[in-house]
Amino acid sequence: MRYPEFHAQGLCTSPRGRGRVQVAIGTRLKRAGMHWTVQGSNAIIALRCAKLSGRFQDFWERRSERRAA
């Protein structure tokens, strides 16, 4: 998990965030028959963390800004 990077972005900031995020992400990534690349799993982790932090819209705005640059 890239906690320092997500924390620097203001994501996963709750004191219990790590445990809650691990459950939410683990549930998504560990479903039967799932196979993930590192890049794909990192993308899902970023999305789930943004959603759980209430910053989903901010995530997409930052992403579109990076692609435009």
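In this text, all values refer to a predicted model and were calculated from it rather than measured experimentally. The analysis underlying the following values was restricted to heavy atoms, covering all of them including side chains, and did not include hydrogens, waters or symmetry mates.
Here CZ of Arg62 is found 11.0 Å from CD of Gln57. Values are rounded to the nearest 0.5 Å.
Listed by chain and residue number, Arg28, Leu29, Met34, Ser41, Ile44 satisfy the side-chain contact (heavy atoms from CB on, under 4.5 Å) test with Trp36 (two or more places apart in sequence, or in another chain). Remark: Asp58 pairs with Arg55 by the side-chain hydrogen bond (donor to acceptor under 3.5 Å, both in side chains) rule, at least two apart or across chains.
Between Trp60 and Phe56, the angle of the ring planes goes over 60°, which puts this pair in the perpendicular group of the 30/60° scheme.
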